[in-house]
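Only one structure is covered here, and it is reproduced in the block below.
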2 protein chains.
Amino acid sequence: MPIHSYHHGDLRRTLLEAAASSIEINGVDALSLRQLARDAGVSHAAPSRHFRDKQALLDALAEDGFNRLAASLEEATQGAPTTSTEARRRFDDLARSYVGFALAQPTLLSLMFSLKHAPSARVELLAAGHASMALTMRVVVAAQEIGAIGPGDPQRIALVAFATFHGVAILASGGLLDEVPAADLVATASELFWNGLQS
Amino acid sequence: MPIHSYHHGDLRRTLLEAAASSIEINGVDALSLRQLARDAGVSHAAPSRHFRDKQALLDALAEDGFNRLAASLEEATQGAPTTSTEARRRFDDLARSYVGFALAQPTLLSLMFSLKHAPSARVELLAAGHASMALTMRVVVAAQEIGAIGPGDPQRIALVAFATFHGVAILASGGLLDEVPAADLVATASELFWNGLQS
DNA sequence: CATCTTTGTTGTCAATGTCAACATCGCGGT
DNA sequence: ACCGCGATGTTGACATTGACAACAAAGATG
């Protein structure tokens, strides 16, 4: 591709990547479509060919985030556990992976769960979020199947687990832990939760 | 006070209240200082006498939110429990109160925990947040003192509890619970967590 | 009653998001 | 090979907004 071609080539991806890094550095409020266009070397109205408006770009960013989160969680929970120890470890890994993702891109996580997404985009966002929920549920079910934890509605258990991970991640990325290392809190959370699932 | 006085009388409070209701209705992004000024019947630059900039108003809103949350949690956890049942009930009430607050003003909660606050304001926000954390810890300590739950670093336990409440609140207000009633999930979370604290 | 501080007003500016009208590119059908 | 058309990018415009400066009125304080 020539250095100066009328068409950019892959503006959509360029914009998304620039936006993703921008929000982590300057916050989501400081994001400017015109600035993104300048950085990409295109005119100020070019982004509108790929995103109807600013909100649409944020929606796409959030959806991307959910997909990446799901990929990250999936990687941490592959294979079926055969022992209680293994099941417990999978649970730990899931928690660590979630909090790791959050600490690596806190603003994106915040955006993913923000309430400002357009109703039209919400459908896709919920679907993308469900993938992560389903992974959590899979870990719970696998643990139940080998008797590593007691019975109980796996959906509710998974929801509470997911919520706990999310809460710890938010507190950690918000700097509200006062001295307590995030990793320690993740361990405590995982232990308490696993403990509560026995019986 | 005359209907038309040059001075408004209590513009600061008026702005905060209007802003609080506006963000819940239209989202925090749609908040406009000039619109607030119009609604209050003052000129477009009047708000700057009370808030250095828009962020300062959002910071004040968040701090107010933390104070109201703490007040709400405090009301739900008054008095010292004497029996294990009472201690458990206090814990439940705390969880319910937190989630209730979140569902009543989801956007405000989101704003409170957002990462965009100015460094200067963060100090006060953290202090205001600590009050709620301290309340949670008090409930944990009280339960430990009468042997309703096992030992363990009360700070960490309280942090995890707080995180769990917060996570459930976020999922609930984000509509990510799929059919599962929020109250049910709160009960499940509380039960699992309490269970994990035995030993 | 004089003065100083607080509060509110008017005018202005640059930046932004969005839209409409126009330009260029590249691909597929004939 | 070419031509038409959709996709992509550009230019120009506009209303809104947050922020600032200079000024005005009100109220408190001596």
Side-chain angles (χ1 to χ4, degrees), chain A residues 1-23 25-62 107 111 114 116-121, chain B residues 1-23 25-62 107 111 114 116-121:
Chain A
M1 172 143 349
I3 307 237
H4 276 119
S5 60
Y6 190 90
H7 289 294
H8 176 283
D10 200 359
L11 185 54
R12 186 187 157 94
R13 182 168 314 270
T14 301
L15 290 174
L16 280 177
E17 285 172 5
S21 95
S22 169
I23 63 170
I25 297 173
N26 305 105
V28 62
D29 296 322
L31 190 71
S32 153
L33 288 180
R34 290 174 103 108
Q35 186 59 51
L36 285 180
R38 270 175 236 131
D39 293 345
V42 293
S43 74
H44 66 257
S48 74
R49 294 293 162 194
H50 301 274
F51 305 98
R52 183 194 330 255
D53 55 15
K54 190 178 183 178
Q55 188 54 52
L57 185 145
L58 294 178
D59 292 343
L61 222 44
T107 309
L111 174 64
S114 82
K116 63 190 202 179
H117 300 288
S120 59
Chain B
M1 178 148 342
I3 305 231
H4 276 118
S5 59
Y6 190 89
H7 288 294
H8 176 283
D10 200 359
L11 184 55
R12 186 187 158 92
R13 182 169 312 272
T14 301
L15 290 174
L16 280 177
E17 285 173 5
S21 95
S22 169
I23 63 170
I25 297 173
N26 305 105
V28 62
D29 297 320
L31 190 70
S32 154
L33 288 179
R34 290 173 103 108
Q35 185 60 50
L36 285 180
R38 271 175 236 129
D39 293 346
V42 294
S43 75
H44 65 256
S48 72
R49 294 291 164 194
H50 300 275
F51 304 99
R52 171 174 313 141
D53 55 17
K54 192 179 183 176
Q55 188 56 54
L57 186 148
L58 293 178
D59 292 343
L61 222 43
T107 308
L111 174 64
S114 82
K116 65 191 201 178
H117 300 288
S120 59

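Residue numbers start from 1 in every chain, and the chains themselves are labelled A, B, ... in the order their sequence lines are given, proteins ahead of strands. Only a predicted model underlies this, so the values are computations on that prediction, with no experimental measurement involved.
- Atom pair B:Leu36:CG and D:dG18:P shows a separation of 9 Å (rounding to whole Å applied).
- Phosphate contact (OP1/OP2 of D:dA7, side-chain N/O of A:His50, threshold under 4.0 Å): absent.
- Atom CD1 in B:Ile25 sits 11.5 Å away from atom CG in B:Leu31 (nearest 0.5 Å).
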Could you list, one pair per line, each protein nitrogen or oxygen that sits under 3.5 Å from a nitrogen or oxygen of nucleotides 13-17 of chain C, together with the distance?
residue	atom	partner	partner atom	Å
C:dT16	OP2	A:Arg38	NH2	2.7
C:dG17	OP1	A:Leu33	N	3.4
C:dG17	OP1	A:Lys54	NZ	3.2
C:dG17	OP2	A:Leu33	N	3.0
C:dG17	OP2	A:Arg34	N	3.3
C:dG17	N7	A:Arg34	NH1	2.5
C:dG17	O6	A:Arg34	NH1	2.8

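- Proximity of B:Leu57 to B:Leu36: side-chain heavy atoms (C-beta onward) are separated by under 4.5 Å at one or more points.
- Among residues two or more places apart in sequence or in another chain, the salt bridge (Lys or Arg N to Asp or Glu O under 4.0 Å) test is passed with A:Arg12 by none.
- Atom CZ in B:Phe51 sits about 11 Å away from atom P in C:dG8, given to the nearest Å.
- Side-chain contact check for B:Val28 versus B:Lys116: some heavy-atom pair is nearer than 4.5 Å.
- Going from atom CZ of B:Arg12 over to atom P of C:dT6 covers 15 Å, rounded to whole Å.
- Note that CG of A:Asp59 and CZ of A:Arg52 are 10.0 Å apart. Values are rounded to the nearest 0.5 Å.
- Counting to the nearest Å, the P atom of C:dT7 and the CG atom of B:Leu15 are 12 Å from each other.
- Place B:Ala45 and A:Arg49 on DNA chain D by their nearest nucleotides, and A:Arg49 ends up nearer the 5' end.
- Considering only heavy atoms from C-beta on, A:Phe51 stays 4.5 Å or farther from A:Leu61 through its side chain.
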